[in-house]
J.: 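Quick one: the structure is below, questions incoming.
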Amino acid sequence: MRLRAVLFDMDGTLLDTAPDFIAICQAMLAERGFPPVNDKLIRDEISGGARAMVSAAFAMSPEAPEFEALRLEFLERYQVDCAVHSKLFDGMAELLADIESAKLIWGVVTNKPVRFAQPIMEQLGLSERSAVLICPDHVSKSKPDPEPLLLACKMLDLDPASVLFVGDDLRDIESGRDAGTKTAAVRYGYIHPHDNPDHWGADVVVNHPLELRRVLDDAMCSC
């Protein structure tokens, strides 16, 4: 079936949001008199969410008595500063322009709550261009469940088989596969050092956003 839409995961796929996460963790450490940690330590844990990032930055177990207060502070700070340094990955602006020029639809399906995702999309000027934004707030089950992608396809009135879902985590590929979409895994995202996108079972694996141009060309020509 010919490709009609491309849906992206947000963090680590469409957007490089790591700089804002890192800045917040480093500021929290500095204000408590702790030295900065290696940025990579935080970046490697982004896929695990606030809990994983705070745990790594402070070398603290989530079961520690003071941990929950740190996690909530992190989220409060992120609510204010969620789009200070975040940006499209290199090559993604060109890819989105190609998608739009080809008269394809694109959107975002993310496990990031809408209170963070919507402001980021608005501040980066992507809200009016994106056809859909699906967050955990809109569904009963998040990725890796197929429900978010099925909802996106329903809202776009598209057969899932005509959609390509792009992500940087196994849960993205599992969600897309179970929803019936084509899937693309990206190696440039927030992938844990012990993980390997080649093992996720995606239809294609790419190293850079612009490599998806070939994938789109092939899919648009298929019947």
Side-chain angles (χ1 to χ4, degrees), residues 8-93 108-127 133-137 142-144 148 166-173 185-197 200 207-209:
F8 297 93
D9 172 55
M10 180 175 282
D11 299 274
T13 302
L14 179 70
L15 301 177
D16 184 6
T17 52
D20 284 319
F21 292 130
I22 292 169
I24 290 169
C25 284
Q26 301 288 23
M28 289 174 63
L29 288 166
E31 290 174 13
R32 289 166 172 80
F34 295 124
V37 297
N38 189 311
D39 287 352
K40 188 176 184 301
L41 183 70
I42 301 168
R43 181 180 287 268
D44 286 346
E45 299 298 334
I46 288 176
S47 64
R51 182 177 300 274
M53 286 185 278
V54 171
S55 179
F58 284 86
M60 182 184 297
S61 167
E63 282 71 46
E66 61 269 42
F67 181 83
E68 185 60 12
L70 289 172
R71 187 186 72 86
L72 291 176
E73 179 184 336
F74 175 93
L75 293 174
E76 289 171 0
R77 287 173 178 253
Y78 191 59
Q79 180 75 68
V80 176
D81 295 324
C82 61
V84 177
H85 307 291
S86 294
K87 61 181 181 179
L88 290 167
F89 275 102
D90 291 342
M92 188 56 73
V108 177
V109 178
T110 176
N111 278 358
K112 183 190 288 290
V114 70
R115 67 188 175 112
F116 303 127
Q118 186 66 44
I120 292 174
M121 294 289 285
E122 290 174 355
Q123 291 186 50
L124 294 181
L126 299 174
S127 286
L133 171 63
I134 301 297
C135 299
D137 314 65
S142 299
K143 298 177 293 182
V166 187
D168 72 321
D169 193 278
L170 173 60
R171 61 176 170 257
D172 297 318
I173 306 308
V186 302
R187 291 193 181 95
Y188 61 80
Y190 305 146
I191 300 166
H192 195 278
H194 300 305
D195 207 349
N196 186 345
W200 298 346
N207 295 305
H208 190 275

J.: Restricting to non-hydrogen atoms, name the atom on Pro193 and the atom on Lys40 that form the minimum distance, rounded to 0.1 Å.
T.: CG-NZ, 4.0 Å
J.: With side chains defined as the heavy atoms from C-beta onward, is the minimum distance between Val84 and Gln123 less than 4.5 Å?
T.: no
J.: Let me know which of Asp11, Thr17, Asp81 forms a side-chain contact (heavy atoms from CB on, under 4.5 Å) with Ser86.
T.: Thr17
J.: Could you tell me whether the side chain of Glu45 reaches within less than 4.5 Å of the side chain of His192, counting heavy atoms only?
T.: yes
J.: Indicate the atoms forming the closest heavy-atom contact of Ser142 with Asn111, along with that distance.
T.: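 Closest approach of Ser142 to Asn111: CB-OD1, 3.3 Å.
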J.: Could you tell me whether a side-chain N or O of Asp168 sits under 3.5 Å from a main-chain N or O of Tyr190, the two making a donor and an acceptor?
T.: yes
J.: Does the Asp137 side chain pair with the main chain of Pro113, one donor and one acceptor, at a distance under 3.5 Å?
T.: no
J.: What is the minimum heavy-atom distance between Gly167 and Asp172, and which atoms define it?
T.: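 Closest approach of Gly167 to Asp172: CA-OD2, 3.5 Å.
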J.: Test your reading of the model: is there a side-chain donor-acceptor pair from Ser55 to the backbone of Met60, 3.5 Å cut-off?
T.: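 Judged by distance alone, yes, a pair lies under 3.5 Å.
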J.: Return the orientation label for the Tyr78 and Phe74 ring planes: parallel under 30°, perpendicular over 60°, tilted otherwise.
T.: parallel
J.: Take Leu15 and Lys112, measure what side-chain contact (heavy atoms from CB on, under 4.5 Å) needs, and give me the verdict at the end.
T.: CA-CA 12 Å; Leu15 301 177; Lys112 183 190 288 290; over 6 Å; no
J.: Please assess Asn207 against Tyr188 for the test side-chain contact (heavy atoms from CB on, under 4.5 Å), listing each intermediate value before the final yes or no.
T.: CA-CA 6 Å; Asn207 295 305; Tyr188 61 80; over 6 Å; no
J.: Measuring from Leu75:CG to Glu73:CD, what's the distance to the nearest 0.5 Å?
T.: 10.0 Å
J.: Do Arg115 and Cys82 touch side chain to side chain, with heavy atoms closer than 4.5 Å?
T.: no
J.: Quick one: pull up CG in Leu29 and CD1 in Ile24 and give me the separation to the nearest 0.5 Å.
T.: 12.0 Å
J.: Using the side-chain contact (heavy atoms from CB on, under 4.5 Å) rule, pick out the option among Asp16, Leu14, Leu124 that qualifies with Leu88.
T.: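 Filter result, single survivor: Leu14.
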J.: Kindly compute the distance separating CD1 (Ile120) from OG (Ser127), expressed to the nearest 0.5 Å.
T.: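 That separation rounds to 10.5 Å.
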J.: Could you go through Phe58 and Arg32, starting from their C-alpha distance and side-chain angles, then the distance that decides it, and tell me whether this counts as side-chain contact (heavy atoms from CB on, under 4.5 Å)?
T.: CA-CA 11 Å; Phe58 284 86; Arg32 289 166 172 80; 3.8 Å; yes
J.: Please name the pair of heavy atoms, one in Val186 and one in Gly12, separated by the smallest distance, quoted to 0.1 Å.
T.: CG2-O, 3.9 Å
J.: Report yes if the side chains of Phe67 and Arg51 come closer than 4.5 Å at any heavy-atom pair, otherwise no.
T.: yes
J.: Indicate yes or no: at least one non-hydrogen side-chain atom of Val37 is less than 4.5 angstrom from one of Ile42.
T.: yes
J.: Quick one, Lys143 with Asp169, criterion side-chain contact (heavy atoms from CB on, under 4.5 Å). Give me CA distance, side-chain angles, the key distance, then yes/no.
T.: CA-CA 10 Å; Lys143 298 177 293 182; Asp169 193 278; over 6 Å; no
J.: Do Leu133 and Thr110 have side-chain heavy atoms sitting under 4.5 Å apart?
T.: yes
J.: Could you grab the distance from atom SG of Cys25 to atom CZ of Arg43, nearest 0.5 Å is fine?
T.: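 That separation rounds to 12.5 Å.
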J.: Nearest 0.5 Å, what's the CD-CD distance between Gln26 and Glu31?
T.: 12.0 Å
J.: Mind checking the CZ-CD spacing from Arg71 to Glu66? Nearest 0.5 Å is all I need.
T.: 14.5 Å
J.: If you apply the rule side-chain hydrogen bond (donor to acceptor under 3.5 Å, both in side chains), what do you find for Trp200 with Asp195, and how did you get there?
T.: CA-CA 9 Å; Trp200 298 346; Asp195 207 349; 3.0 Å; yes
